[in-house]
Every structure is written in structure tokens, then in C-alpha cells.
Amino acid sequence: QETKMICPGQSIAQIISAIDLAKGSGTWDRRINLMQPKNVVELGTGEGYSGELIMEVLPDVATFTTIDYNYPSGHNYAGRLAKWKSDPRLLVLVGNTTDPSMVGKVPPDVDLLYIDTNHRAWHAALEMSIWQEVLCDGAIVVVDDLSENDMWLFWDSVPYEKHPEKVVP
């Protein structure tokens, strides 16, 4: 069985440095250009701002799944992703990102996981424990808004290699 891996043989520090030098005009553009992920999952769709940036540069052979709770009517849930509504690379799911049954609704072997939900340490820790089941070896996890609320507690609890000095907008 072939091991799927983003940036094989590179440390997180090397990957962050390479992202800074990668081709592209924005952070997601540079991340995707460098990492060339095949299966991206975002926890926390919102209006789809990050999803839009990801879809604009997602390779043709990749998939992007974004998941968020059922927004109240009148909110623009995933509205920025409307132009990709019929794109087979995009899957927009409505559900609780802390519900273990959601894991079975995404393609396996996630190589890039983006956590951007309610910015609370307990919530991010629960998501990480649930979603690591579908991460492939060498997957990268990007966590947004580490400076909000008590997210530093989650960050301190992560046992994997991480790059805390670099907070990428």
C-alpha cells in the first residue's frame, strides 16, 4: 500500500518556510500550490470565504469537503461557493463537526484538514480526536484563530509537530 503524504520528508518548519516562498498571491494559494493536496476537509464553512480561496486553486484531481452546522435562514451559508455548486470536486455538508458519524460522509485519506469552527479549545480538541481517524499518514492540520478565546490550550495539547511562531493570516 502506497503512503500518501503532503511534502514528504519535510518538517513543519520547512513546509511553512516553503509556503512563504511558494507561487501565489495569497496564503491559501501558496499552501495549495506547495502541498498539492488530494483531499481537503474544512470544518467550519461559514459563508465560504476560505472555501472560495481553496476552490480557486484546488487541483483538478483533488476534492474539497466543507462542513458546518445548519445556519439559520437569512444567513449566507456557503454563499461564496455558489459558483462551484456543480463542480464534482466540491462537497458541502450540513452537520455537526463533533458528530462522529460525519466522518463517514467524507472521502477517506484526508491529507489537509482545516479547523475553523467555534474557536474554543474543547471544541477543537474534540474535532481533532474525531477527525484524525480519516487523516492519512503525513497529513497537515491547519488551525485558524489560535489567538481567540482559549485556543492556546488546544494548541498546547497537540502532541504532533507544530509551528507555533508562525500565525498565517
Side-chain angles (χ1 to χ4, degrees), residues 1-8 15-16 18-120 123-124 126-146 148 167-169:
Q1 178 179 346
E2 178 185 338
T3 301
K4 299 171 185 165
M5 192 175 276
I6 289 179
C7 305
I15 293 169
I16 294 293
I19 287 170
D20 289 340
L21 301 172
K23 287 175 56 178
S25 58
T27 302
W28 276 109
D29 193 4
R30 293 190 309 272
R31 284 176 183 155
I32 301 294
N33 282 332
L34 175 75
M35 296 181 195
Q36 292 295 301
K38 301 291 184 266
N39 187 2
V40 180
V41 171
E42 173 188 44
L43 307 180
T45 310
E47 292 183 11
Y49 177 74
S50 296
E52 177 180 33
L53 298 173
I54 292 167
M55 285 302 296
E56 285 176 349
V57 294
L58 193 70
D60 290 340
V61 296
T63 60
F64 173 58
T65 305
T66 185
I67 307 164
D68 215 333
Y69 67 92
N70 192 7
Y71 270 54
S73 63
H75 283 65
N76 191 24
Y77 175 68
R80 296 180 74 120
L81 296 169
K83 61 183 157 190
W84 290 283
K85 186 177 178 181
S86 61
D87 190 319
R89 299 173 303 157
L90 175 64
L91 176 60
V92 177
L93 297 175
V94 174
N96 183 343
T97 58
T98 62
D99 177 356
S101 71
M102 291 302 293
V103 172
K105 297 180 181 184
V106 305
D109 294 325
V110 173
D111 52 8
L112 182 57
L113 176 66
Y114 179 45
I115 298 176
D116 187 18
T117 51
N118 80 357
H119 315 303
R120 303 274 183 210
H123 197 268
L126 181 57
E127 287 173 330
M128 187 71 170
S129 69
I130 291 168
W131 288 92
Q132 66 185 353
E133 174 185 323
V134 293
L135 298 179
C136 69
D137 288 342
I140 301 290
V141 178
V142 175
V143 183
D144 198 15
D145 299 317
L146 288 172
E148 288 194 25
V167 178
V168 181

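Residue numbers run from 1 in the order of the sequence given.
- Summarising the geometry of Pro59 relative to Pro37, their closest heavy-atom pair is CG-O, 4.1 Å, with the distance given to 0.1 Å.
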What's the verdict on side chain to side chain contact (heavy atoms under 4.5 Å, CB included) for Trp131 and Val141, showing C-alpha distance, side-chain angles and the deciding distance? CA-CA 10 Å; Trp131 288 92; Val141 178; over 6 Å; no

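- Every side-chain hydrogen bond (donor to acceptor under 3.5 Å, both in side chains) that Ser101 has, sequence neighbours left out, goes to Asp99.
- Atom CG of Leu91 and atom OG1 of Thr65 lie 4.5 Å apart (nearest 0.5 Å).
- Residue-environment remark: CD (Glu133) stays at or below the threshold of 12 foreign heavy atoms within 6.0 Å.
- Remark: side-chain polar atoms of Asp109 are not paired, donor with acceptor, to backbone N or O of Cys136 under 3.5 angstrom.
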I'd like to know whether Ile32 forms a side chain to side chain contact (heavy atoms under 4.5 Å, CB included) with Leu112, so could you lay out the CA-CA distance, the side-chain angles of the two residues, the decisive distance to 0.1 Å, and finally the verdict. CA-CA 9 Å; Ile32 301 294; Leu112 182 57; 4.1 Å; yes

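- Contact between Ala22 and Leu34 at its shortest, heavy atoms only, is CB-CB, 4.2 Å.
- The distance from atom CG of Asp29 to atom CG of Asn33, rounded to the nearest 0.5 Å, is 5.0 Å.
- Counting only distance, with no hydrogens or angles, the side chain of Asn39 and the backbone of Pro108 share a donor-acceptor pair below 3.5 Å.
- Side-chain contact check for Tyr77 versus Val92: some heavy-atom pair is nearer than 4.5 Å.
- Formation of a donor-acceptor pair under 3.5 Å by the Thr45 side chain with backbone atoms of Ile67 is found in this model.
- Formation of a donor-acceptor pair under 3.5 Å by the Asp111 side chain with backbone atoms of Lys38 is found in this model.
- Counting heavy atoms from C-beta outward, Val106 and Leu93 have side chains that approach closer than 4.5 Å.
- Contact detail for Ser50 and Glu42: the closest heavy-atom pair is CB-OE2, 3.4 Å.
- For the atom pair Ile15 CD1 and Ile140 CD1, the distance stands at 4.0 Å (nearest 0.5 Å).
- Using a 4.5 Å heavy-atom cutoff, the side chains of Glu52 and Lys83 are in contact.
- Checking side-chain atoms of Arg89 against main-chain N and O of Ala62 turns up no donor-acceptor pair under 3.5 Å.
- Here NE2 of His75 is found 11.5 Å from CG of Asn70. Values are rounded to the nearest 0.5 Å.
- The structure places CZ of Arg31 at 6.0 Å from CD1 of Ile19, a figure rounded to the nearest 0.5 Å.
- Of all heavy-atom pairs spanning His119 and Asp144, the tightest one is ND1-O, 3.9 Å.
- Counting heavy atoms from C-beta outward, Met55 and Leu58 have side chains that approach closer than 4.5 Å.
- With values rounded to the nearest 0.5 angstrom, Tyr69 atom OH is found 9.5 Å from Asn118 atom CG.
- The nearest pair of heavy atoms linking Met102 to Val94 is CE-O, 4.2 Å.
- Between the side chain of Trp28 and the backbone N or O of Glu56, no donor-acceptor pair lies under 3.5 Å.
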